[in-house]
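Single-structure report; data block below.
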Amino acid sequence: MNSNGFWLSVEAIACLALLGLLLVTGVPVERQGLLDLHLFKKENDLLLAWAKGFDGLTELEMRQMFSEAFPGKAGEIFVGRKRIVVGKPGKESVATSAKFFGKGLELHELRLVVFK
């Protein structure tokens, strides 16, 4: 009997068994992390839209855009030092901020907090 072929076959069988075991057990998916990531992505998209049209943007428009992007959610919008509250704030939140220069090269800061 060829010992090299025997050991290669044993190794192949062991590798296939290990691969099968890994495929059967699977990887647990943390659903809460995906929700946070989705909220964070939507926040960044909304901040980008606000930054592009910042000069003509009103507080009412920002509230409406927030309500459209996050239906049924509460949040806080910070424009510089001004705080705009939408809904009733909660305890857990996802937040992001953006700093950008306006047309006159003045520095603006927007911060968005969405409560889960």
Side-chain angles (χ1 to χ4, degrees):
M1 181 160 78
N2 186 356
S3 66
N4 287 338
F6 174 75
W7 290 113
L8 285 175
S9 296
V10 170
E11 181 185 5
I13 290 170
C15 287
L16 285 175
L18 182 61
L19 178 64
L21 183 64
L22 288 175
L23 290 175
V24 169
T25 58
V27 178
V29 177
E30 186 180 328
R31 298 200 188 283
Q32 188 63 32
L34 294 177
L35 176 64
D36 291 349
L37 181 63
H38 180 68
L39 286 176
F40 186 69
K41 174 67 175 144
K42 285 174 69 174
E43 283 179 343
N44 284 328
D45 291 343
L46 189 56
L47 286 177
L48 183 62
W50 287 346
K52 284 187 177 183
F54 184 76
D55 292 328
L57 199 59
T58 66
E59 181 179 326
L60 180 61
E61 290 173 333
M62 291 176 90
R63 285 177 181 268
Q64 289 173 343
M65 290 173 79
F66 179 90
S67 297
E68 289 173 5
F70 304 101
K73 301 263 187 216
E76 296 176 341
I77 305 164
F78 294 89
V79 180
R81 295 184 183 264
K82 185 177 181 181
R83 178 179 173 211
I84 304 167
V85 178
V86 180
K88 183 181 176 187
K91 292 186 179 184
E92 291 187 43
S93 65
V94 177
T96 189
S97 64
K99 292 182 180 180
F100 60 96
F101 291 101
K103 290 183 180 178
L105 293 180
E106 65 275 356
L107 181 65
H108 297 287
E109 182 177 7
L110 290 173
R111 197 172 60 182
L112 183 58
V113 179
V114 176
F115 295 100
K116 299 183 210 178

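Keep in mind that what you see is a predicted model, and the values were worked out from it rather than measured. All residue numbers in this chain count up from 1 along the given sequence.
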(request) Using the rule that two of Ile, Leu, Val, Met, Phe, Trp, Tyr join whenever any of their side-chain heavy atoms come within less than 4.5 Å, decide whether Phe78 and Ile84 are in one cluster. (result) no

(message) Please give me the minimum heavy-atom distance between Met65 and Leu57, naming the atom from each residue.
(response) SD-CD1, 4.3 Å

(request) Measure the CZ-CG distance between Phe66 and Leu112 for me, rounded to the nearest 0.5 Å. (result) 6.0 Å

(message) To the closest 0.5 Å, what do you measure between CG (Leu23) and CG (Leu18)?
(response) 9.5 Å

(message) As an exercise, state the distance from CG of Leu46 to CG of Leu39, rounded to the nearest 0.5 Å.
(response) 12.0 Å

(request) Would you name the heavy atoms of Pro89 and Ala74 that are closest together and state the gap between them? (result) N-CB, 4.3 Å

(message) Whether the side chain of Arg63 engages the backbone of Val85 through a donor-acceptor N/O pair (distance < 3.5 Å, no angle test) should be reported.
(response) yes

(request) Keeping the roles fixed (side chain from Lys42, backbone from Phe70), state whether a donor-acceptor pair exists under 3.5 Å. (result) no

(message) If you compare all heavy atoms of Ser67 against all heavy atoms of Val86, which two are closest, and at what distance to 0.1 Å?
(response) OG-CG1, 4.2 Å

(request) Report the distance from atom OG1 of Thr96 to atom CZ of Phe40, rounding to the nearest 0.5 Å. (result) 4.0 Å

(request) Using the test side chain to side chain donor-acceptor pair (under 3.5 Å), find all partners of Glu11 that sit at least two apart in sequence or belong to another chain. (result) none

(message) Does any part of the side chain of Leu48, heavy atoms only, come nearer than 4.5 Å to the side chain of Asn44, both counted from C-beta?
(response) no

(request) Could I get the full list of side chain to side chain contact (heavy atoms under 4.5 Å, CB included) partners for Lys99, not counting sequence neighbours? (result) Leu107, Glu109

(message) Nearest 0.5 Å, please: how far is NE2 in His108 from CZ in Phe54?
(response) 5.0 Å

(request) Can you measure from CD (Gln64) to OG1 (Thr58) and round to the nearest 0.5 angstrom? (result) 7.5 Å

(request) State, to 0.1 Å, how close Glu61 and Gly56 come at their nearest heavy-atom pair, and which atoms those are. (result) OE1-O, 3.4 Å

(message) If you compare all heavy atoms of Phe115 against all heavy atoms of Ser93, which two are closest, and at what distance to 0.1 Å?
(response) CD2-CB, 3.6 Å

(request) Using the salt bridge (charged side-chain N to carboxylate O under 4.0 Å, His left out) rule, collect all pairs that involve residues 69-86, keeping only residues at least two apart or in two chains. (result) Glu59-Lys82, Glu76-Arg83

